[in-house]
**Q** 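Sending over a structure as structure tokens; questions will come in a sec.
Counting starts at 1 for both ligands and their atoms, in listed order.
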Amino acid sequence: MDFNYQIAKYMLGAANLKQLPDDVGVEVAFAGRSNAGKSSALNRLTNRKSLARTSKTPGRTQLINLFDIENGNRLVDLPGYGYAKVAKSVKEHWQKTLGLYLQTRDCLKGLVVLMDIRHPCKDMDLSMINWALEADLQVLILLSKSDKIKQGARVDVKRKVEKLLRDSMNKSDQLTISTFSALKGDGVSNLRNFLDSQFEKKPDSNEGTGE
Ligand SMILES: Nc1nc2c(ncn2[C@@H]2O[C@H](COP(=O)(O)OP(=O)(O)OP(=O)(O)O)[C@@H](O)[C@H]2O)c(=O)[nH]1
Ligand SMILES: [Mg+2]
């Protein structure tokens with residue numbers, strides 16, 4: 001393991017792009033439909049119960065929340081898309097802000113897209129994945145809440161999603177797919193490996209200095 005994700009520190013929640021920290025270092029963002037399990041995935045990764053706020057009510061995360069890892073690396077919890085009951089004006093604001101963040105943020109290197117394993121590949125998921133690949137981001141798809149279905153069905157859904165995405169997307173070599181359960185820990189090592197491969201290592205990380 002290259003990075004210790006347990007030391008993640010909450011930095012800030014940005015309501016608009018002006019509030020984001022300087023566009024340097026590396027960011028990997030967690031995207032997905034509302035309620036897909038983005039905040040829960042971050043909590044599982046960092047082994048912290050409530051680093052990122054989770055909720056049974058979709059639309060919980062309403063800011064771009066940033067968490068500092070170290071060496072200028074940041075995890076980003078994005079507001080979910082596709083939640084019908086949020087007021088239209090709020091939704092429009094978020095779609096615009098999210099779109100701008102994804103399109104203009106130079107330090108954004110990777111995107112983790114969570115899709116509930118029981119309802120994968122909705123239109124907005126496919127647009128998000130397609131857009132990210134076209135923008136040359138590395139993409140990890142997490143088929144979330146895998147504990148909700150049996151092992152056989154898990155393998156089956158993963159295979160189908162893999163085929164659909166490989167057939168429909170250009171640049172699918174930038175794409176990795178894993179099942180995931182924040183509850184049971186399925187796929188957490190795949191998430192860690194993906195992040196380790198995106199983040200900047202220290203220039204001369206010196207073991208034994210206590211850092
Ligand atoms: N069974 C099960 N439930 C999960 C899992 N991950 C998340 N949940 C539940 O799904 C609900 C939504 O989880 P969140 O992590 O808040 O989802 P989110 O994608 O951050 O949602 P928004 O911030 O609204 O976009 C919560 O009730 C979680 O407890 C999982 O792996 N297994
Ligand atoms: Mg959330």
**Q** Side chain or backbone, does Gly37 bring an N or O within less than 3.5 Å of an N or O on ligand 1?
**A** yes
**Q** For ligand 1, is there an atom lying under 4.0 Å from some heavy atom of Gly32?
**A** no
**Q** Numbering the atoms of ligand 1 from 1, which are under 4.0 Å from a heavy atom of Leu183?
**A** 1 (N), 30 (C), 31 (O), 32 (N)
**Q** Between Lys184 and Asp186 (salt bridge meaning N to carboxylate O under 4.0 Å), is one present in this structure?
**A** no
**Q** If you measure every N or O of Phe180 against every N or O of ligand 1, does any of those distances drop under 3.5 Å?
**A** no
**Q** Taking only residues at least two apart or on different chains, which pairs with a member in residues 124-133 satisfy side chain to side chain donor-acceptor pair (under 3.5 Å)?
**A** Tyr81-Asp125
**Q** Just to be sure I'm reading this right: ignoring hydrogens, which of Lys38, Arg44, Lys184 gets closest to atom 18 (P) of ligand 1? Compare them by their nearest heavy atoms.
**A** Lys38
**Q** Backbone or side chain, does Ser34 get an N/O/S atom under 2.8 Å to the Mg ion (ligand 2)?
**A** no
**Q** According to a 4.5 Å side-chain heavy-atom criterion applied to Ile, Leu, Val, Met, Phe, Trp and Tyr, with indirect links allowed, do Leu66 and Leu17 form part of one hydrophobic cluster?
**A** yes
**Q** Under a 4.0 angstrom heavy-atom cut-off, which atoms of ligand 1 come close to Ser181?
**A** 31 (O)
**Q** Tell me whether Ser144 reaches ligand 1 (any heavy atom closer than 4.0 angstrom to a ligand atom).
**A** no
**Q** What part of Asn35, side chain from CB on, backbone N/CA/C/O, both or neither, has a heavy atom under 4.0 Å from ligand 1?
**A** both
**Q** Quick test of your reading of the model: are Lys163 and Asp167 salt-bridged, counting only N-O distances below 4.0 Å?
**A** yes
**Q** Do Ser181 and Asp147 have side-chain N/O donor and acceptor atoms under 3.5 Å apart?
**A** yes
**Q** With under 30° as parallel and over 60° as perpendicular, where do the rings of Phe3 and Phe199 fit, or are they tilted in between?
**A** perpendicular
**Q** Which of the atoms in ligand 1, numbered in the order shown and given with their element, are less than 4.0 Å from a heavy-atom of Gly80?
**A** 25 (O)
**Q** Please, which pairs that meet ring-ring contact (aromatic ring centres under 6.0 Å, His included) have at least one residue in residues 6-43, sequence neighbours excluded?
**A** Tyr10-Phe67
**Q** Would you call Asp2 and Lys201 a salt bridge, taking side-chain N to carboxylate O under 4.0 Å as the test?
**A** yes
**Q** Identify, by atom number and element, the atoms of ligand 1 in contact range of Ser40, meaning under 4.0 Å from any of its heavy atoms.
**A** 6 (N), 7 (C), 13 (O), 14 (P), 15 (O), 28 (C)
**Q** May I ask you to check if ligand 1 and Asp77 share an N or O to N or O distance below 3.5 Å?
**A** no
**Q** Geometry only, no angles: is Pro79 polar-contacting ligand 1 at N/O separations under 3.5 Å?
**A** no
**Q** Would you mind reporting whether Gln19 and Leu63 have side-chain heavy atoms less than 4.5 Å apart?
**A** no
**Q** Roughly how far, to the nearest 0.5 Å, is the CD atom of Glu200 from the CD atom of Glu70?
**A** 12.0 Å
**Q** Heavy-atom distances under 4.0 Å decide this one: backbone, side chain, both or neither, for Lys148 against ligand 1?
**A** side chain
**Q** So if I count the atoms of ligand 1 from 1 in the order they appear, which ones are less than 4.0 Å from some heavy atom of Asp147?
**A** 1 (N), 2 (C), 30 (C), 31 (O), 32 (N)
